[in-house]
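The next block holds one structure in the form of structure tokens; read it before the comments.
Just so it is clear, the values below take in all heavy atoms, side chains as well, and ignore hydrogens, waters and symmetry mates.
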Amino acid sequence: QVQLVESGGGLVQPGGSLSVSCAVTGRIDSLSAVGWDRQAPGRQREWVATIYNNNVKAYNVSLRGRFTISRDNAKNMVILQMDSLEPEDTAIYFCQATTWAETDFWGQGTQVTVSS
């Protein structure tokens with residue numbers, strides 16, 4: 001089993017920056033990738049970014065390079081740095097992990113609100 005706990009959400013003004021973190025516990029060695037999804041009010045859940053076990057990173061092209069995913073192996077955390085935030089980025093951000101056996105785990109989510 002793998003447990004994911006998100007933190008770092010909050011309110012930020014348009015154009016600002018914010019980072020959200022995902023603490024990963026449990027069978028970390030079973031994971032092939034960890035990433036982030038988001039769900040805005042009234043919209044379907046959307047993939048944001050993924051970092052793979054070999055440190056390869058992938059991003060949703062719609063983000064236009066504004067977000068950066070990274071990993072802190074010492075702390076077993078995955079961080080999503082979000083810059084040049086827009087009101088359309090307002091959503092609940094969920095951490096998601098996939099095992100080598102292709103089982104998915106999800107965190108409870110953290111709210112990010114971009115508003116003046």
Side-chain angles (χ1 to χ4, degrees):
Q1 288 287 348
V2 173
Q3 295 79 42
L4 307 173
V5 178
E6 302 94 337
S7 62
L11 174 65
V12 62
Q13 292 188 342
S17 297
L18 191 69
S19 65
V20 289
S21 299
C22 175
V24 184
T25 58
R27 292 201 56 191
I28 299 169
D29 60 333
S30 68
L31 299 178
S32 62
V34 180
W36 291 90
D37 290 357
R38 67 184 182 183
Q39 187 162 18
R43 300 187 65 178
Q44 289 188 331
R45 189 170 292 197
E46 174 185 41
W47 170 67
V48 174
T50 299
I51 184 165
Y52 294 91
N53 202 49
N54 59 2
N55 215 37
V56 170
K57 304 171 186 180
Y59 298 93
N60 188 320
V61 295
S62 70
L63 300 173
R64 306 190 310 279
R66 298 180 295 118
F67 291 11
T68 304
I69 191 170
S70 63
R71 180 167 57 200
D72 185 335
N73 290 328
K75 297 180 179 179
N76 291 329
M77 296 188 73
V78 173
I79 300 101
L80 183 69
Q81 174 67 36
M82 303 179 286
D83 299 317
S84 302
L85 283 162
E86 303 167 353
E88 292 74 22
D89 295 315
T90 295
I92 301 174
Y93 284 72
F94 296 92
C95 184
Q96 183 265 336
T98 302
T99 69
W100 293 105
E102 300 185 350
T103 300
D104 291 331
F105 294 91
W106 301 91
Q108 293 299 307
T110 185
Q111 176 71 47
V112 172
T113 302
V114 185
S115 175
S116 55

Item to complete: Could you please spell out the steps behind the side-chain contact (heavy atoms from CB on, under 4.5 Å) verdict for Val112 and Asp89?
Response: CA-CA 8 Å; Val112 172; Asp89 295 315; 5.7 Å; no
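- In this structure, Arg43 and Gln39 approach most closely via the heavy-atom pair O-NE2, 3.1 Å.
- The CD atom of Gln108 lies 13.5 Å from the OG atom of Ser7; values are rounded to the nearest 0.5 Å.
- Of all heavy-atom pairs spanning Ser17 and Ser84, the tightest one is OG-N, 4.3 Å.
- Phe67 CZ to Ser19 OG: the interatomic distance, rounded to the nearest 0.5 Å, is 11.5 Å.
- Between Met77 and Ser21 the shortest heavy-atom distance is CE-CB, 3.3 Å.
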Practice prompt. Show your working on side-chain contact (heavy atoms from CB on, under 4.5 Å) between Val78 and Trp36 and close with a plain yes or no.
Written response: CA-CA 9 Å; Val78 173; Trp36 291 90; 3.9 Å; yes
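- No hydrogens or angles considered: a donor-acceptor pair under 3.5 Å links the side chains of Gln81 and Asp83.
- A donor-acceptor pair shorter than 3.5 Å can be found between the side chains of Gln96 and Thr98.
- The environment of Lys57 atom NZ is dense: over 12 non-hydrogen atoms of other residues, nucleotides or ligands sit within 6.0 angstrom.
- Here the side chains of Ser62 and Glu46 are in contact, with some heavy-atom distance below 4.5 Å.
- Looking only at side-chain heavy atoms (C-beta outward), Thr90 and Val114 come within less than 4.5 Å of each other.
- In this structure, OG1 on Thr68 lies 11.5 Å from CD1 on Ile79, to the nearest 0.5 angstrom.
- Using modelled atom types, one side-chain atom of Tyr59 and one backbone atom of Ile69 make a donor-acceptor pair closer than 3.5 Å.
- The line from SG of Cys22 to CD of Gln3 is 11.0 Å long, rounded to the nearest 0.5 Å.
- For the pair Gln13 (side chain) and Ser116 (backbone), a donor-acceptor distance under 3.5 Å is absent.
- Note on Val12: it does not cluster hydrophobically with Ile92, by side-chain heavy-atom contacts below 4.5 Å among ILVMFWY residues.
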Item to complete: Check the pair Asn76 / Thr25 against side-chain contact (heavy atoms from CB on, under 4.5 Å), numbers first and verdict last.
Response: CA-CA 7 Å; Asn76 291 329; Thr25 58; over 6 Å; no
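- The CZ atom of Arg38 lies 7.0 Å from the CG atom of Asn60; values are rounded to the nearest 0.5 Å.
- Nearest heavy-atom pair across Val48 and Tyr93 is CG2-CE2, 4.4 Å.
- Summarising the local packing, CZ of Arg45 is surrounded by more than 12 heavy atoms from other residues, nucleotides or ligands at distances under 6.0 Å.
- Rounding to the nearest 0.5 angstrom, the gap separating the CG atom in Leu31 from the OH atom in Tyr52 is 13.5 Å.
- Here the closest non-hydrogen pair linking Trp100 and Asn53 is CZ2-ND2, 3.5 Å.
- Looking at every heavy atom in both residues, Cys95 comes nearest to Val34 through SG-CG1, 3.8 Å.
- Side-chain contact between Phe105 and Thr99: present, with at least one pair of heavy atoms (C-beta onward) separated by less than 4.5 Å.
- For the pair Val20/Phe94, no side-chain contact is recorded, criterion being any heavy-atom separation below 4.5 Å from C-beta on.
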